[in-house]
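Here is the structure we will look at.
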Amino acid sequence: MTETATAPTAPLRARAEIDLGALRANVRALRALAPDAALMAVVKSDAYGHGAVPCARAAVQAGAAWLGTATPEEALALRAAGLPGRVMCWLWTPGGPWQEAIEADIDVSVSGMWALDEVTDAARRAGRHARVQLKADTGLGRNGCQPGEDWAELVGAALRAEADGLIRITGLWSHFACADEPGHPSIALQLTRFREMLAYAEGRGVRPEVRHIANSPATLTLPEAHFDLVRTGIALYGISPSPEIGAPADFGLRPAMTLSAAVALVKHVPGGHGVSYGHHYVTPGETTLGLVPVGYADGIPRHASGTGPVLVGGKWRTVAGRVAMDQFVVDLGGDEPAAGTEAVLFGPGDRGEPTAEDWAQAAGTIAYEIVTRIGTRVPRVYVNEEQSG
Ligand SMILES: *Cc1c(COP(=O)(O)O)cnc(C)c1O
C-alpha cells in the first residue's frame, strides 16, 4: 500500500509532494479548453502515481463530472472511498466483478460479445440494469469492437439487452492511437470511423448519454474530437502528453508532483574513484559525492544511470554511475551541502528543478512512466488539500 502523510512531522527520506491546488487548477484549465464537453478525470494506476482517492476528490471538487479507471477494482475502490458521480472502468477480463460494479453504479465498458454476455448475466443476478458503454476500435488496434459485422452484432445484442431491461447503453466510445502526434493521418481516419460507428449505432436506436474519444493530447489539440466528454489523464497531473505538443504552461497546466529526497551522505573522494555498481562513473579528480537515498525500487529508472538530473543546493547534478535499488550518487564537484539537504529530482520546474519530462528524456521514456512508477515506498504528501480557489 502506498504510504500517505498529510502533516509530516519527522523528516522523510523521500517524498512525493502532491499539490492538489495545482491539480484542481489543471481541471479548470482543461474544462476551459473543452467548454462544451464534460470532463473525466482518469485516475487509473493510483492516479498515475499521485494517489487515486485524494486526486479523484480534488478533481471532482474542481468540476470533473466523471472519474475513469482501467480496472474494475480501481473503480470499486473509488466508490468504497465514498466518491460520488459517474465512474467508468474499461479493462475487463472474463469472470470480472460485474455484479459488484452494477451494484456500485459504475459504468462498464464492453468491447465484445463475451463481455456483454457476462454483464447481462450479472444484471439478472443483481436485479437491476447495468450501465454499459460500447467501445469501438476505430483504429487503435487494441481493445474495442471492430467495425463492420462485429460492431453490428454487438450493437444489435446490446439493444436487445436494453429492451429486456438488463442494460442501459450509456456511452459509445473509442481511443486514439496517435493523438500525441498532431497531423498524424490516423487521427482523421479514426475520427471518420468513429462518426460512422456512432451513426450506425444511433441509426439502430442507441441513445447514449455520452460519446467520447479524446484523451489528453486530443483534448489539448483537437477540439473536433471533444464530443460530449473528454478523458484526461496525464494533463490533469500537469504534464504534457509529449514535448512536441508543447510544455504544460502552454496550456495553463502545472505539474502536481514534486519528488525529492534528503541527501544521506556527503563525502570527499580522490580522483579516479569508481562510483556505484559496475564503476561506470570514475571521478575525474578530487571531488565530493552526494548520496541520494532513492533507487529503482522507488521508481527511479535504472535507464537514467549516468543521465538523470537532480537539483542539489541550487545546482543541477547528474546521476553518477548506476542507479541502484535504493540509492544513487551525484558528483557535487567539491560542494559540501550538509547531509539532509533536499535533492529535488523533479517538480514543476519553477524553482530551477528538473521536470518529469527531463527524467523521461534521460531514461528514454515518456513522462507518464516516470510519475506512474514512483513506488509505494515513497510517501505521498498532500499540500493545498483545502479548496481555496
Ligand atoms: C489512460 C487512458 C486515458 C487517459 O490518457 P491520457 O493520455 O493520460 O490523457 C484515456 N482513455 C483511456 C481508454 C485510457 O486508457
Side-chain angles (χ1 to χ4, degrees), residues 23 26-27 29-31 33-34 37-50 52 55-56 59 64-75 78 86-93 106-112 115 132-145 171-182 184 186-187 190-191 194 210-222 225-246 248 251 253 255-257 356-357 360 365-373:
L23 190 138
N26 293 338
V27 169
L30 291 166
R31 290 194 68 207
L33 283 167
L39 184 126
M40 176 188 288
V42 178
V43 294
K44 63 189 178 188
S45 194
D46 208 22
Y48 294 38
H50 294 66
C55 291
W66 288 74
L67 297 169
T69 69
T71 70
E73 289 78 12
E74 292 173 317
L78 294 175
R86 297 264 69 98
V87 175
M88 175 181 179
C89 61
W90 46 77
L91 191 57
W92 287 87
T93 43
I106 289 167
D107 281 52
V108 302
S109 177
V110 162
S111 290
V132 171
Q133 301 212 17
L134 302 179
K135 182 169 194 187
D137 186 348
T138 54
L140 172 59
R142 203 175 66 179
N143 210 349
C145 180
L172 298 171
W173 73 295
S174 189
H175 195 37
F176 279 116
C178 308
D180 56 344
E181 297 175 51
H184 192 287
S186 70
I187 296 171
Q190 281 198 259
L191 272 176
F194 188 48
V210 284
R211 299 158 301 171
H212 50 108
I213 188 170
N215 52 3
S216 291
T219 303
L220 299 177
T221 66
L222 207 62
H226 291 172
F227 291 89
D228 305 314
L229 177 66
V230 294
R231 304 188 307 271
T232 53
I234 198 73
L236 195 64
Y237 308 106
I239 293 172
S240 172
S242 93
E244 285 72 47
I245 286 183
F251 303 101
L253 303 172
M257 184 189 289
E357 183 56 45
T365 183
I366 54 176
Y368 291 72
E369 191 178 1
I370 298 297
V371 289
T372 302
R373 295 187 71 168

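Just follow the structure's listing: the first ligand is 1, and inside any ligand the first atom is 1.
- Between Phe194 and Phe227, the ring-plane angle classifies as perpendicular under the 30° and 60° cut-offs.
- When only interatomic distances are considered, the shortest N/O to N/O separation between Tyr368 and ligand 1 falls below 3.5 Å.
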Quick one: side chains of residues 138-145, donor-acceptor pairs under 3.5 Å with protein atoms, not counting sequence neighbours, listed by atom name and distance.
| unit_1 | atom_1 | unit_2 | atom_2 | d |
| --- | --- | --- | --- | --- |
| Thr138 | OG1 | Ser174 | OG | 2.7 |
| Thr138 | OG1 | Gln190 | NE2 | 2.8 |
| Asn143 | OD1 | Ser111 | OG | 3.1 |

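- Taking 4.0 Å as the cut-off, Pro217 counts as a neighbour of ligand 1 on heavy-atom distance.
- In this structure Glu369 satisfies the salt bridge (Lys or Arg N to Asp or Glu O under 4.0 Å) test together with Arg373, sequence neighbours excluded.
- Residues Leu229 and Trp173 are not in side-chain contact: their nearest non-hydrogen atoms beyond the backbone lie 4.5 Å or more apart.
- Backbone and side-chain nitrogen or oxygen atoms of Lys44 are examined, and one is located within less than 3.5 angstrom of a nitrogen or oxygen of ligand 1.
- Numbered from 1 in the order shown, with element, the atoms of ligand 1 that lie under 4.0 Å from a heavy atom of Trp173 read 13 (C).
- Those atoms of ligand 1 with a heavy atom of Thr232 less than 4.0 angstrom away are 9 (O).
- The nearest protein atom to atom 9 (O) of ligand 1, hydrogens excluded, is given as Ser216 OG, 2.5 Å; this is a heavy-atom distance.
- Residue contacts with ligand 1: Val42 is placed with no nitrogen or oxygen under 3.5 Å of a nitrogen or oxygen of the ligand (distance criterion only).
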* Asked: Passes side chain to side chain contact (heavy atoms under 4.5 Å, CB included), Tyr48 versus Leu236? Steps please.
  -> CA-CA 10 Å; Tyr48 294 38; Leu236 195 64; over 6 Å; no
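- Within ligand 1, the atoms closer than 4.0 Å to a non-hydrogen atom of Ile234 are 6 (P), 8 (O), 9 (O), numbered from 1 in the order shown.
- Distance check, rounded to the nearest 0.5 Å: CD of Gln133 to SG of Cys89 gives 10.0 Å.
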* **Step-by-step side chain to side chain contact (heavy atoms under 4.5 Å, CB included) determination, Leu30 to Leu253** => CA-CA 8 Å; Leu30 291 166; Leu253 303 172; 4.1 Å; yes
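- Looking from atom 11 (N) of ligand 1 to the surrounding protein, the closest heavy atom is Arg231 NE, 2.9 Å.
- Atom 4 (C) of ligand 1 has its closest protein heavy atom at Tyr48 OH, 3.3 Å.
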